[in-house]
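Heads up: the structure comes next, in C-alpha coordinates.
Hydrogens, waters and symmetry mates play no part in the numbers below; they use all other heavy atoms, side chains included. In each ligand, atom 1 is the first atom listed, and ligand 1 is the first ligand listed.
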Amino acid sequence: MVLSTCSGVCCSDVGVTAQKENFRRMMRTVETLSDLGPEMTAEREFAQTAQSMLSALIQAAGASEGVLFVFIEKPSMLNSIATSGFALIPEPSVIPLLPRHVHALGSTQGAVLLSHSSYDTFLSANGNVAPELFKCVAPLKVSGKLVGAVALGRREGDSPYDEEGLQSLDMLCHYVALSVQNHSLTQTLAQRVAENLRLMASLHGFYDSALEAFATAIDVKHVNIHGHSLRVGRYSAAIGEAIGMDMNEVAALRSAGYLHDIGKVAVDKRLFGKPTTLDPEEFREMADHTTVGHQIVTGVNFPWPRIPEIVRWHHERADGSGYPDGLQNEDVPMQVRIVGLADTFDAMTSARPYREPISLGATLNEIVRMTPLKFDANAVHALLIQIRRDAVGGNRIPLLEDRSAGNLAPTDVDHLAATLQHKISNGRSYLT
Ligand SMILES: [Fe+2]
(Lines give C-alpha, C1' and ligand atoms only; values in the text may rest on other atoms or scores of the structure.)
Protein backbone atom coordinates (compact mmCIF):
# COMPACT_ATOMS: atom_id res chain seq x y z
CA MET A 1 0.00 0.00 0.00
CA VAL A 2 2.76 2.34 1.12
CA LEU A 3 4.69 1.18 -1.78
CA SER A 4 1.64 1.70 -3.82
CA THR A 5 1.00 5.22 -2.35
CA CYS A 6 4.66 6.10 -2.54
CA SER A 7 4.90 4.79 -6.06
CA GLY A 8 1.78 6.76 -7.04
CA VAL A 9 3.14 10.04 -5.66
CA CYS A 10 6.53 9.47 -7.38
CA CYS A 11 4.86 8.55 -10.67
CA SER A 12 2.63 11.55 -10.35
CA ASP A 13 5.68 13.80 -9.77
CA VAL A 14 7.48 12.26 -12.68
CA GLY A 15 4.34 12.61 -14.81
CA VAL A 16 3.92 16.31 -13.91
CA THR A 17 7.62 16.97 -14.60
CA ALA A 18 7.37 15.18 -17.96
CA GLN A 19 4.18 17.08 -18.85
CA LYS A 20 5.84 20.39 -17.92
CA GLU A 21 8.89 19.47 -20.03
CA ASN A 22 6.65 18.47 -22.96
CA PHE A 23 4.69 21.69 -22.58
CA ARG A 24 7.91 23.75 -22.58
CA ARG A 25 9.14 21.89 -25.65
CA MET A 26 5.85 22.43 -27.40
CA MET A 27 5.98 26.14 -26.54
CA ARG A 28 9.52 26.32 -27.92
CA THR A 29 8.36 24.63 -31.13
CA VAL A 30 5.44 27.05 -31.46
CA GLU A 31 7.83 29.97 -30.84
CA THR A 32 10.20 28.59 -33.47
CA LEU A 33 7.29 28.28 -35.88
CA SER A 34 6.19 31.85 -35.29
CA ASP A 35 9.79 33.01 -35.83
CA LEU A 36 10.13 30.86 -38.94
CA GLY A 37 6.90 32.12 -40.57
CA PRO A 38 8.20 35.58 -41.52
CA GLU A 39 11.57 34.06 -42.47
CA MET A 40 9.87 31.68 -44.90
CA THR A 41 7.76 34.35 -46.56
CA ALA A 42 10.44 37.10 -46.65
CA GLU A 43 11.44 38.54 -50.02
CA ARG A 44 14.98 37.25 -50.23
CA GLU A 45 17.21 34.57 -51.64
CA PHE A 46 15.94 31.07 -50.94
CA ALA A 47 19.46 30.05 -49.75
CA GLN A 48 19.03 32.39 -46.75
CA THR A 49 15.55 31.05 -45.99
CA ALA A 50 16.87 27.48 -46.21
CA GLN A 51 19.64 28.33 -43.73
CA SER A 52 17.12 29.80 -41.26
CA MET A 53 14.88 26.74 -41.61
CA LEU A 54 17.80 24.37 -41.02
CA SER A 55 18.83 26.30 -37.87
CA ALA A 56 15.28 25.95 -36.54
CA LEU A 57 15.21 22.21 -37.30
CA ILE A 58 18.60 21.66 -35.63
CA GLN A 59 17.51 23.62 -32.58
CA ALA A 60 14.19 21.74 -32.28
CA ALA A 61 15.96 18.37 -32.23
CA GLY A 62 18.84 19.57 -30.04
CA ALA A 63 21.33 18.67 -32.78
CA SER A 64 24.64 20.36 -33.52
CA GLU A 65 25.01 19.33 -37.16
CA GLY A 66 22.57 19.07 -40.05
CA VAL A 67 21.91 19.27 -43.79
CA LEU A 68 18.71 20.36 -45.52
CA PHE A 69 18.17 18.57 -48.81
CA VAL A 70 15.79 19.16 -51.70
CA PHE A 71 14.61 16.05 -53.58
CA ILE A 72 15.18 16.08 -57.33
CA GLU A 73 13.07 13.58 -59.22
CA LYS A 74 14.92 13.00 -62.49
CA PRO A 75 17.41 11.55 -61.79
CA SER A 76 16.42 10.80 -58.19
CA MET A 77 18.75 12.49 -55.72
CA LEU A 78 18.97 14.61 -52.61
CA ASN A 79 20.72 17.91 -53.23
CA SER A 80 21.77 20.05 -50.25
CA ILE A 81 20.40 23.61 -50.03
CA ALA A 82 21.79 24.38 -46.53
CA THR A 83 24.38 22.85 -44.20
CA SER A 84 25.36 23.65 -40.63
CA GLY A 85 27.79 22.45 -38.00
CA PHE A 86 29.81 19.90 -40.00
CA ALA A 87 33.53 20.66 -40.02
CA LEU A 88 34.03 19.41 -43.57
CA ILE A 89 31.16 18.74 -45.95
CA PRO A 90 30.91 19.30 -49.71
CA GLU A 91 28.53 22.02 -50.89
CA PRO A 92 26.33 21.03 -52.46
CA SER A 93 26.18 17.58 -50.89
CA VAL A 94 24.59 15.16 -53.28
CA ILE A 95 23.14 11.73 -52.48
CA PRO A 96 21.84 9.77 -55.48
CA LEU A 97 18.81 7.65 -54.57
CA LEU A 98 17.65 4.30 -55.92
CA PRO A 99 13.89 3.65 -56.21
CA ARG A 100 13.98 1.66 -52.94
CA HIS A 101 15.52 4.63 -51.09
CA VAL A 102 12.83 6.96 -52.49
CA HIS A 103 10.17 4.45 -51.47
CA ALA A 104 11.58 4.10 -47.91
CA LEU A 105 11.84 7.88 -47.40
CA GLY A 106 8.41 8.44 -48.93
CA SER A 107 6.67 5.83 -46.80
CA THR A 108 8.28 6.46 -43.42
CA GLN A 109 6.22 8.46 -40.93
CA GLY A 110 8.35 11.19 -39.36
CA ALA A 111 12.00 11.26 -38.36
CA VAL A 112 13.92 7.97 -38.04
CA LEU A 113 17.15 7.21 -36.23
CA LEU A 114 19.89 5.81 -38.44
CA SER A 115 22.21 2.95 -37.57
CA HIS A 116 24.66 0.78 -39.48
CA SER A 117 21.85 -1.58 -40.35
CA SER A 118 19.51 1.12 -41.69
CA TYR A 119 21.75 3.54 -43.66
CA ASP A 120 21.32 1.53 -46.84
CA THR A 121 17.53 1.50 -46.40
CA PHE A 122 17.23 5.29 -46.71
CA LEU A 123 20.40 6.67 -48.28
CA SER A 124 22.89 5.44 -50.86
CA ALA A 125 26.65 5.61 -50.38
CA ASN A 126 27.22 6.72 -54.01
CA GLY A 127 27.10 10.47 -53.38
CA ASN A 128 29.82 12.90 -52.32
CA VAL A 129 28.83 12.64 -48.65
CA ALA A 130 28.98 9.49 -46.45
CA PRO A 131 25.57 8.51 -44.96
CA GLU A 132 27.44 7.56 -41.75
CA LEU A 133 27.76 11.29 -40.96
CA PHE A 134 24.06 11.29 -40.11
CA LYS A 135 22.35 9.95 -37.01
CA CYS A 136 18.82 10.85 -37.97
CA VAL A 137 16.87 11.59 -41.14
CA ALA A 138 13.43 13.21 -41.48
CA PRO A 139 11.71 13.12 -44.87
CA LEU A 140 9.99 16.30 -46.07
CA LYS A 141 6.67 15.42 -47.70
CA VAL A 142 3.72 17.33 -49.13
CA SER A 143 0.53 15.33 -49.73
CA GLY A 144 2.52 12.14 -49.27
CA LYS A 145 5.05 13.10 -51.97
CA LEU A 146 8.75 13.35 -51.11
CA VAL A 147 10.06 16.92 -51.65
CA GLY A 148 13.24 16.84 -49.55
CA ALA A 149 14.83 15.63 -46.32
CA VAL A 150 16.66 16.91 -43.30
CA ALA A 151 19.58 14.79 -42.09
CA LEU A 152 21.04 15.51 -38.67
CA GLY A 153 24.48 14.57 -37.36
CA ARG A 154 25.65 14.39 -33.78
CA ARG A 155 23.71 15.87 -30.94
CA GLU A 156 25.11 18.33 -28.42
CA GLY A 157 27.37 16.36 -26.02
CA ASP A 158 26.91 13.29 -28.24
CA SER A 159 23.72 12.46 -26.35
CA PRO A 160 21.17 10.24 -28.13
CA TYR A 161 18.12 11.75 -29.84
CA ASP A 162 15.06 11.63 -27.62
CA GLU A 163 11.41 11.13 -28.57
CA GLU A 164 10.39 14.73 -27.78
CA GLY A 165 13.19 16.19 -29.90
CA LEU A 166 12.11 14.03 -32.83
CA GLN A 167 8.45 15.04 -32.33
CA SER A 168 9.39 18.75 -32.42
CA LEU A 169 11.43 18.04 -35.53
CA ASP A 170 8.43 16.33 -37.20
CA MET A 171 6.20 19.27 -36.39
CA LEU A 172 8.54 21.74 -38.08
CA CYS A 173 9.13 19.43 -41.02
CA HIS A 174 5.52 19.90 -42.22
CA TYR A 175 6.10 23.64 -42.66
CA VAL A 176 9.62 23.34 -44.03
CA ALA A 177 8.33 20.80 -46.59
CA LEU A 178 5.81 23.35 -47.91
CA SER A 179 8.50 25.98 -48.31
CA VAL A 180 10.89 23.55 -50.05
CA GLN A 181 8.14 22.40 -52.40
CA ASN A 182 7.20 25.99 -53.19
CA HIS A 183 10.82 26.69 -54.09
CA SER A 184 11.03 23.56 -56.27
CA LEU A 185 7.85 24.54 -58.12
CA THR A 186 9.19 28.05 -58.74
CA GLN A 187 12.43 26.57 -60.05
CA THR A 188 10.51 24.22 -62.34
CA LEU A 189 8.35 27.08 -63.59
CA ALA A 190 11.44 29.20 -64.31
CA GLN A 191 12.94 26.28 -66.24
CA ARG A 192 9.73 25.87 -68.23
CA VAL A 193 9.54 29.57 -69.06
CA ALA A 194 13.19 29.43 -70.20
CA GLU A 195 12.41 26.37 -72.33
CA ASN A 196 9.40 28.12 -73.86
CA LEU A 197 11.49 31.18 -74.64
CA ARG A 198 14.11 28.96 -76.29
CA LEU A 199 11.36 27.28 -78.27
CA MET A 200 9.92 30.65 -79.28
CA ALA A 201 13.37 31.87 -80.29
CA SER A 202 13.87 28.80 -82.46
CA LEU A 203 10.38 29.32 -83.91
CA HIS A 204 11.25 32.94 -84.72
CA GLY A 205 14.37 31.65 -86.47
CA PHE A 206 12.19 29.21 -88.36
CA TYR A 207 9.68 31.91 -89.30
CA ASP A 208 12.44 34.22 -90.50
CA SER A 209 13.89 31.61 -92.85
CA ALA A 210 10.47 30.38 -93.99
CA LEU A 211 9.18 33.92 -94.60
CA GLU A 212 12.34 34.89 -96.49
CA ALA A 213 11.66 32.01 -98.86
CA PHE A 214 8.02 33.11 -99.06
CA ALA A 215 9.01 36.71 -99.84
CA THR A 216 11.17 35.50 -102.70
CA ALA A 217 8.26 33.41 -104.02
CA ILE A 218 5.90 36.45 -103.93
CA ASP A 219 8.28 38.43 -106.11
CA VAL A 220 8.95 35.85 -108.85
CA LYS A 221 6.14 37.22 -111.06
CA HIS A 222 8.40 39.73 -112.81
CA VAL A 223 12.06 40.62 -112.85
CA ASN A 224 11.19 44.22 -111.87
CA ILE A 225 9.92 43.22 -108.46
CA HIS A 226 12.61 40.64 -107.65
CA GLY A 227 13.85 41.21 -104.11
CA HIS A 228 11.16 43.85 -103.40
CA SER A 229 9.56 42.06 -100.41
CA LEU A 230 12.95 41.18 -98.88
CA ARG A 231 14.07 44.81 -99.14
CA VAL A 232 10.78 46.13 -97.70
CA GLY A 233 11.29 43.71 -94.77
CA ARG A 234 14.83 44.97 -94.23
CA TYR A 235 13.91 48.68 -94.55
CA SER A 236 10.90 48.30 -92.23
CA ALA A 237 13.06 46.61 -89.57
CA ALA A 238 15.70 49.36 -89.91
CA ILE A 239 13.08 52.12 -89.53
CA GLY A 240 11.64 50.37 -86.45
CA GLU A 241 15.12 50.03 -84.99
CA ALA A 242 15.88 53.76 -85.51
CA ILE A 243 12.57 54.65 -83.83
CA GLY A 244 13.68 52.61 -80.78
CA MET A 245 11.37 49.61 -81.05
CA ASP A 246 12.39 46.45 -79.18
CA MET A 247 13.84 43.32 -80.82
CA ASN A 248 10.50 41.54 -81.03
CA GLU A 249 8.77 44.51 -82.68
CA VAL A 250 11.65 44.85 -85.13
CA ALA A 251 11.40 41.12 -85.97
CA ALA A 252 7.63 41.56 -86.46
CA LEU A 253 8.24 44.48 -88.85
CA ARG A 254 10.75 42.43 -90.85
CA SER A 255 8.25 39.57 -91.21
CA ALA A 256 5.42 41.97 -92.07
CA GLY A 257 7.61 43.54 -94.76
CA TYR A 258 8.33 40.09 -96.22
CA LEU A 259 4.60 39.35 -96.38
CA HIS A 260 3.03 42.74 -97.17
CA ASP A 261 2.45 41.90 -100.87
CA ILE A 262 1.40 38.28 -100.34
CA GLY A 263 -1.93 39.06 -102.09
CA LYS A 264 0.02 39.59 -105.34
CA VAL A 265 0.15 35.82 -105.78
CA ALA A 266 -3.46 36.22 -107.00
CA VAL A 267 -2.74 39.09 -109.44
CA ASP A 268 -2.38 38.40 -113.17
CA LYS A 269 1.34 38.08 -113.99
CA ARG A 270 0.84 40.15 -117.17
CA LEU A 271 0.18 43.35 -115.12
CA PHE A 272 3.66 43.32 -113.57
CA GLY A 273 5.40 43.63 -116.94
CA LYS A 274 3.05 46.16 -118.57
CA PRO A 275 5.20 48.92 -120.08
CA THR A 276 2.54 51.62 -119.55
CA THR A 277 0.60 52.73 -116.49
CA LEU A 278 -2.35 50.52 -115.54
CA ASP A 279 -5.87 51.37 -116.73
CA PRO A 280 -8.58 51.72 -114.03
CA GLU A 281 -9.69 48.10 -114.32
CA GLU A 282 -6.12 46.82 -114.11
CA PHE A 283 -5.40 49.16 -111.20
CA ARG A 284 -8.42 47.78 -109.30
CA GLU A 285 -7.16 44.23 -109.85
CA MET A 286 -3.69 45.22 -108.63
CA ALA A 287 -5.15 47.11 -105.64
CA ASP A 288 -7.08 44.00 -104.63
CA HIS A 289 -3.78 42.41 -103.51
CA THR A 290 -4.29 44.21 -100.18
CA THR A 291 -7.67 42.62 -99.40
CA VAL A 292 -6.76 39.24 -100.92
CA GLY A 293 -3.53 39.23 -98.87
CA HIS A 294 -5.54 40.11 -95.76
CA GLN A 295 -7.81 37.12 -96.35
CA ILE A 296 -4.76 34.85 -96.77
CA VAL A 297 -2.95 35.87 -93.56
CA THR A 298 -6.01 36.28 -91.31
CA GLY A 299 -6.25 32.53 -90.82
CA VAL A 300 -2.56 32.09 -89.96
CA ASN A 301 -1.54 32.10 -86.32
CA PHE A 302 1.59 34.28 -86.53
CA PRO A 303 3.57 35.04 -83.35
CA TRP A 304 3.00 38.77 -84.14
CA PRO A 305 -0.52 40.20 -84.06
CA ARG A 306 -0.20 43.10 -86.56
CA ILE A 307 0.52 41.11 -89.74
CA PRO A 308 -3.08 41.10 -91.13
CA GLU A 309 -3.46 44.89 -90.55
CA ILE A 310 -0.14 45.62 -92.22
CA VAL A 311 -0.96 43.43 -95.24
CA ARG A 312 -4.35 45.13 -95.69
CA TRP A 313 -3.38 48.74 -95.02
CA HIS A 314 0.16 49.22 -96.36
CA HIS A 315 -1.24 51.34 -99.24
CA GLU A 316 -3.24 53.65 -96.95
CA ARG A 317 -1.92 57.24 -96.86
CA ALA A 318 -1.90 59.77 -94.01
CA ASP A 319 -4.46 62.08 -95.70
CA GLY A 320 -6.94 59.25 -96.36
CA SER A 321 -6.15 59.07 -100.11
CA GLY A 322 -4.89 55.45 -100.01
CA TYR A 323 -6.68 52.13 -100.36
CA PRO A 324 -8.52 49.83 -99.67
CA ASP A 325 -10.26 51.57 -96.73
CA GLY A 326 -9.27 55.24 -97.11
CA LEU A 327 -7.92 55.45 -93.56
CA GLN A 328 -6.01 58.43 -92.19
CA ASN A 329 -2.67 58.40 -90.37
CA GLU A 330 -4.13 58.19 -86.86
CA ASP A 331 -6.42 55.31 -87.91
CA VAL A 332 -3.55 52.93 -88.62
CA PRO A 333 -0.90 51.58 -86.19
CA MET A 334 2.70 52.82 -86.44
CA GLN A 335 3.83 49.46 -87.86
CA VAL A 336 1.50 49.94 -90.85
CA ARG A 337 2.87 53.44 -91.52
CA ILE A 338 6.44 52.09 -91.38
CA VAL A 339 5.83 49.26 -93.88
CA GLY A 340 3.88 51.66 -96.16
CA LEU A 341 6.86 54.05 -96.20
CA ALA A 342 9.40 51.25 -96.76
CA ASP A 343 7.25 49.93 -99.64
CA THR A 344 7.08 53.35 -101.34
CA PHE A 345 10.80 53.98 -100.80
CA ASP A 346 11.72 50.67 -102.47
CA ALA A 347 9.21 51.12 -105.31
CA MET A 348 10.60 54.57 -106.14
CA THR A 349 14.25 53.50 -106.08
CA SER A 350 13.51 50.41 -108.24
CA ALA A 351 13.07 50.21 -112.00
CA ARG A 352 9.59 49.81 -113.43
CA PRO A 353 8.66 48.67 -116.94
CA TYR A 354 7.60 52.26 -117.71
CA ARG A 355 10.46 54.16 -115.96
CA GLU A 356 14.05 54.03 -114.72
CA PRO A 357 14.75 53.90 -110.97
CA ILE A 358 14.52 57.28 -109.28
CA SER A 359 17.77 58.39 -107.61
CA LEU A 360 18.09 58.16 -103.84
CA GLY A 361 18.31 61.94 -103.41
CA ALA A 362 15.26 62.58 -105.60
CA THR A 363 13.29 59.82 -103.84
CA LEU A 364 14.02 61.22 -100.38
CA ASN A 365 13.24 64.76 -101.53
CA GLU A 366 9.88 63.58 -102.84
CA ILE A 367 9.10 61.61 -99.66
CA VAL A 368 9.95 64.61 -97.45
CA ARG A 369 7.84 66.80 -99.76
CA MET A 370 4.87 64.42 -99.26
CA THR A 371 5.27 64.34 -95.44
CA PRO A 372 3.17 64.68 -93.31
CA LEU A 373 0.46 64.75 -96.02
CA LYS A 374 1.07 61.15 -97.11
CA PHE A 375 3.63 59.69 -94.69
CA ASP A 376 4.28 59.59 -90.96
CA ALA A 377 6.95 62.16 -90.03
CA ASN A 378 8.56 60.00 -87.32
CA ALA A 379 8.91 57.06 -89.72
CA VAL A 380 10.45 59.34 -92.39
CA HIS A 381 12.84 60.81 -89.82
CA ALA A 382 13.90 57.26 -88.79
CA LEU A 383 14.51 56.37 -92.47
CA LEU A 384 16.72 59.47 -92.83
CA ILE A 385 18.72 58.37 -89.76
CA GLN A 386 19.47 55.02 -91.41
CA ILE A 387 20.28 56.62 -94.79
CA ARG A 388 22.67 59.02 -93.04
CA ARG A 389 24.49 56.06 -91.46
CA ASP A 390 25.00 54.68 -94.97
CA ALA A 391 26.25 58.08 -96.18
CA VAL A 392 28.75 58.28 -93.30
CA GLY A 393 29.96 54.71 -93.99
CA GLY A 394 31.55 52.40 -91.42
CA ASN A 395 31.68 48.69 -90.71
CA ARG A 396 27.95 47.95 -90.49
CA ILE A 397 26.08 46.31 -93.35
CA PRO A 398 24.59 49.25 -95.32
CA LEU A 399 20.82 49.57 -95.30
CA LEU A 400 20.72 49.91 -99.06
CA GLU A 401 23.13 47.00 -99.72
CA ASP A 402 22.87 46.59 -103.48
CA ARG A 403 21.87 50.16 -104.23
CA SER A 404 24.56 52.63 -103.22
CA ALA A 405 23.92 55.94 -101.49
CA GLY A 406 25.36 57.48 -104.67
CA ASN A 407 26.81 60.87 -104.08
CA LEU A 408 24.46 61.62 -101.20
CA ALA A 409 26.51 63.27 -98.43
CA PRO A 410 25.64 63.28 -94.71
CA THR A 411 25.02 67.04 -95.01
CA ASP A 412 22.43 66.37 -97.75
CA VAL A 413 20.56 64.07 -95.35
CA ASP A 414 20.89 66.67 -92.58
CA HIS A 415 19.36 69.22 -94.94
CA LEU A 416 16.43 66.86 -95.65
CA ALA A 417 15.96 66.26 -91.91
CA ALA A 418 15.94 70.03 -91.28
CA THR A 419 13.36 70.52 -94.05
CA LEU A 420 11.19 67.78 -92.52
CA GLN A 421 11.50 69.32 -89.06
CA HIS A 422 10.58 72.74 -90.46
CA LYS A 423 7.50 71.28 -92.17
CA ILE A 424 6.14 69.43 -89.15
CA SER A 425 6.66 72.44 -86.86
CA ASN A 426 4.72 74.56 -89.39
CA GLY A 427 7.66 76.84 -90.04
CA ARG A 428 8.02 77.79 -86.38
CA SER A 429 11.57 77.78 -85.03
CA TYR A 430 12.38 76.91 -81.45
CA LEU A 431 15.33 78.51 -79.69
CA THR A 432 16.93 76.59 -76.81
FE1 LIG B 1 1.59 46.41 -102.04
> Less than 4.0 Å between a side-chain N and a carboxylate O, is that true for Glu282 and Arg270?
Replying inline: yes
> Does a salt bridge link Lys264 with Asp288, judged by any charged N lying under 4.0 Å from a carboxylate O?
Replying inline: no
Listed pairs under 3.5 Å, donor-acceptor, residues 369-376 side chains, sequence neighbours left out:
| residue | atom | partner | partner atom | Å |
| --- | --- | --- | --- | --- |
| Arg369 | NE | Glu366 | OE1 | 3.0 |
| Arg369 | NH2 | Glu366 | OE2 | 2.7 |
| Thr371 | OG1 | Ile367 | O | 2.6 |
| Lys374 | NZ | Asp319 | OD2 | 2.9 |
| Lys374 | NZ | Ser321 | OG | 2.8 |
| Asp376 | OD1 | Asn378 | N | 2.9 |
| Asp376 | OD1 | Ala379 | N | 3.0 |
| Asp376 | OD2 | Asn329 | ND2 | 3.3 |
| Asp376 | OD2 | Arg337 | NH1 | 2.7 |

> Is it true that His228 and His260 have ring centroids separated by less than 6.0 Å?
Replying inline: yes
>> According to side-chain contact (heavy atoms from CB on, under 4.5 Å), who are the partners of Pro333, at least two apart in sequence or on a separate chain?
In response: Arg306, Glu309, Trp313, Gln335, Val336
> Close to the Fe ion (ligand 1), meaning under 2.8 Å, how many protein N, O or S atoms are there?
Replying inline: 4
> Which residues satisfy the side-chain contact (heavy atoms from CB on, under 4.5 Å) test with Ala104, sequence neighbours excluded?
Replying inline: Thr121, Phe122
